[in-house]
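Only one structure is covered here, and it is reproduced in the block below.
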Number of protein chains: 2
Amino acid sequence: MSTAQGARARARTAVTAAIKDEARRQLAAEGAAKLSLRAVARELGMVSSALYRYFPSRDDLLTALIIDAYDSLGAAAEAAHEKIPDADLMARWTTTCEAARAWALAHPHEYALIYGSPVPGYSAPVTTVAAASRVGLLLIGIVRDAHRGPGLAGLSVPAGLRPEAERMAADLAPDLPPGTVIAMTAAWAQLFGLVGFEVFGQFNRLVEDPEPFFRHAAARLAESVGLGGS
Amino acid sequence: MSTAQGARARARTAVTAAIKDEARRQLAAEGAAKLSLRAVARELGMVSSALYRYFPSRDDLLTALIIDAYDSLGAAAEAAHEKIPDADLMARWTTTCEAARAWALAHPHEYALIYGSPVPGYSAPVTTVAAASRVGLLLIGIVRDAHRGPGLAGLSVPAGLRPEAERMAADLAPDLPPGTVIAMTAAWAQLFGLVGFEVFGQFNRLVEDPEPFFRHAAARLAESVGLGGS
DNA sequence: GTCTATAACGAGATAGAC
DNA sequence: GTCTATCTCGTTATAGAC
């Protein structure tokens, strides 16, 4: 794709990338709320109006950064996951979780952008959901493979949650038991609860060596969706 | 205490409260990053320098808002918890979790302030930790009571986590088994992972009725620290 | 002593004329 | 695309009212 580009298109992608790089730098320094097209332009030696040829608005630049962050996280998780043998379900799960944690620690400001407080006045468009789902889909795939093997019992759900569980299963993974889909959704949120607490400093002065702590918590999360022990 | 106040002191608390109220309003509208002393003063019909009689700096105002938020959350959780009979450990746990969720949904911007992305350039002082620990202490108390009863087995920890587990137990709850302390810390982070995903909209278009979903997840969290079933 | 108001600083954002 | 005049901000020094 990039080899087939003309010079004009190549220049355009280069400038687009430079804009996003500078925007990410500002994200780290000032936070998403203060991201300003003018400041990005100034730092790049451009005039602010020139930026509008690349991003029609500040919100569109934000959306691009969000999609990039989700994709970067998703790609990191997928790359780590691919190296594990298909049969080792538990290792596939924990490796994926650890890759998500490692990415978040390496990119705390982009992590804050996608899993932190919403940016005031900004509402993410539907265009972001595909990228946002990548880690979740990876985890679903692992649990799906576990259910292909010998009889793995579905997890139970209380009566009041039954309709929601069935609706969610139909939406997300019709081949999985509803109780498992519920447990996976919770595990997904809980995984990012653990990651967020570490990245945002909530564990400071409390957990001294977060890596083995996280490793253990991720393994227990796997059990909560029916993988491994329990 | 407040009845023994003179007129001077009463006026001072009233102005302090008005400043914080207005600051909270701006928090909701613009986010913590854009909290401005001048804007608060303007809205109150004061001059910005007058605010320095009440808060020595913008960061001190932020700190006060953070402590207030933690205390408000803690008080809500404690009030809900108090109504449950001591013997019903599972209900004490789930009620506390549900109170935290309800508070977060009712105060999303204050929730973002304490559990969302860090405010750029601001670092929370140690003064905040007492208020920040209230919910955690509540949960520890429940599990402690569970261990007072008949033989409740401690949870296992892998060898690599053993030293950390023992250090954390010594710090947080010397009377609880180290594995349980680890599990509780993870459950605490996971609880706010669930709450945060809902408050920040990550469950939009995914979980239609979050209340029974959360109720079930909180009950399963209780099991993960050794309460009830499992 | 306790407060509020005026004025100013240095730094940065912004809007509009050119 | 550039320049300038006018905003904002946090913060301080100072002077005066109660």
Side-chain angles (χ1 to χ4, degrees), chain A residues 8 11-12 14-16 18-62 65 109 113 117 119-122, chain B residues 1-68 109 113 117-125 127-128:
Chain A
R8 191 171 291 123
R12 189 179 170 78
V15 176
T16 306
I19 293 170
K20 292 200 285 193
D21 279 351
E22 177 55 35
R24 269 185 282 267
R25 217 163 294 136
Q26 296 200 12
L27 219 59
E30 301 274 17
K34 287 199 181 159
L35 185 98
S36 125
L37 281 186
R38 276 186 105 99
V40 171
R42 188 180 335 118
E43 216 64 31
L44 290 175
M46 300 177 148
V47 85
S48 62
S49 56
L51 279 201
Y52 286 86
R53 292 182 49 82
Y54 298 87
F55 295 97
S57 77
R58 188 201 83 125
D59 283 8
D60 288 284
L61 174 54
L62 254 186
L65 295 177
H109 303 101
L113 183 64
S117 322
V119 183
Y122 171 85
Chain B
M1 202 193 241
S2 69
T3 58
Q5 275 181 338
R8 236 181 317 280
R10 213 163 39 243
R12 185 169 225 291
T13 18
V15 176
T16 307
I19 293 171
K20 292 199 284 194
D21 280 351
E22 177 55 35
R24 269 185 281 266
R25 219 164 292 135
Q26 295 198 14
L27 218 61
E30 301 273 17
K34 289 198 182 162
L35 210 207
S36 135
L37 277 191
R38 285 188 112 110
V40 170
R42 197 181 321 125
E43 216 63 33
L44 291 175
M46 300 178 147
V47 82
S48 66
S49 59
L51 283 202
Y52 285 82
R53 285 282 141 180
Y54 300 89
F55 298 96
S57 76
R58 191 200 85 123
D59 283 6
D60 288 282
L61 174 54
L62 252 187
T63 301
L65 295 176
I66 288 172
I67 292 177
D68 278 8
H109 303 103
L113 182 65
S117 323
V119 183
Y122 171 85
S123 163
T127 1
T128 57

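Each chain gets a letter, A, B and so on, in the order the sequences are listed, and its residues count up from 1. Quick caveat, the model's predicted, so the values are computed rather than measured.
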A/Ser48 (side chain) donor-acceptor with A/Ala41 (main chain) under 3.5 angstrom: no
Chain A contact limits on DNA chain D, taken 5' to 3' with a cut-off of 4.0 angstrom to heavy atoms: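 Nucleotide range with atoms under 4.0 Å of chain A: D/dG1 to D/dT2.
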Atom-to-atom span, [atom1] of [X] to [atom2] of [N] - whole angstrom:
X	N	atom1	atom2	result
A/Arg42	C/dA15	CZ	P	13 Å
B/Arg38	C/dA11	CZ	P	16 Å
B/Lys34	C/dA13	NZ	C1'	11 Å

Residue A/Arg53 excluded, over 12 heavy atoms near CZ under 6.0 Å: no
What contact category does [X] fall into here, base, sugar-phosphate, or nothing, at under 4.0 angstrom with non-hydrogen atoms?
X	result
B/Ser57	sugar-phosphate
B/Leu35	sugar-phosphate
B/Phe55	nothing

Given DNA chain C, 5'-ward residue of the pair B/Arg8 and B/Gly45, judged by closest heavy atom: B/Arg8
Position toward the 5' end of DNA chain C (nearest nucleotide), B/Arg53 or A/Ser36: B/Arg53
Minimum-distance pair of heavy atoms, taken over all atoms of B/Leu35 and B/Arg58: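 Shortest heavy-atom separation between B/Leu35 and B/Arg58 comes out as O-NH1, 3.0 Å.
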Stepwise side chain to side chain contact (heavy atoms under 4.5 Å, CB included) test for B/Tyr54 and B/Leu61: CA-CA 9 Å; B/Tyr54 300 89; B/Leu61 174 54; over 6 Å; no
Distance-only side-chain donor-acceptor flag, A/Asp60 / A/Ser57, under 3.5 Å: yes
Chi angles and distances behind the side chain to side chain contact (heavy atoms under 4.5 Å, CB included) call for B/Tyr122, B/Ile66: CA-CA 12 Å; B/Tyr122 171 85; B/Ile66 288 172; 3.5 Å; yes
Under the 3.5 Å Watson-Crick or G-U criterion, the dot-bracket string of DNA chain C, with | for inter-strand pairs: |||||||||.|.||||||
A/Lys20 and A/Leu65: CA distance, side-chain angles, deciding distance, side chain to side chain contact (heavy atoms under 4.5 Å, CB included) verdict: CA-CA 7 Å; A/Lys20 292 200 285 193; A/Leu65 295 177; 4.1 Å; yes
Check: A/His109 and A/Leu113 side chains under 4.5 Å, non-hydrogen atoms: no
Evaluation steps, side chain to side chain contact (heavy atoms under 4.5 Å, CB included), between B/Tyr52 and B/Leu37: CA-CA 9 Å; B/Tyr52 285 82; B/Leu37 277 191; 3.4 Å; yes
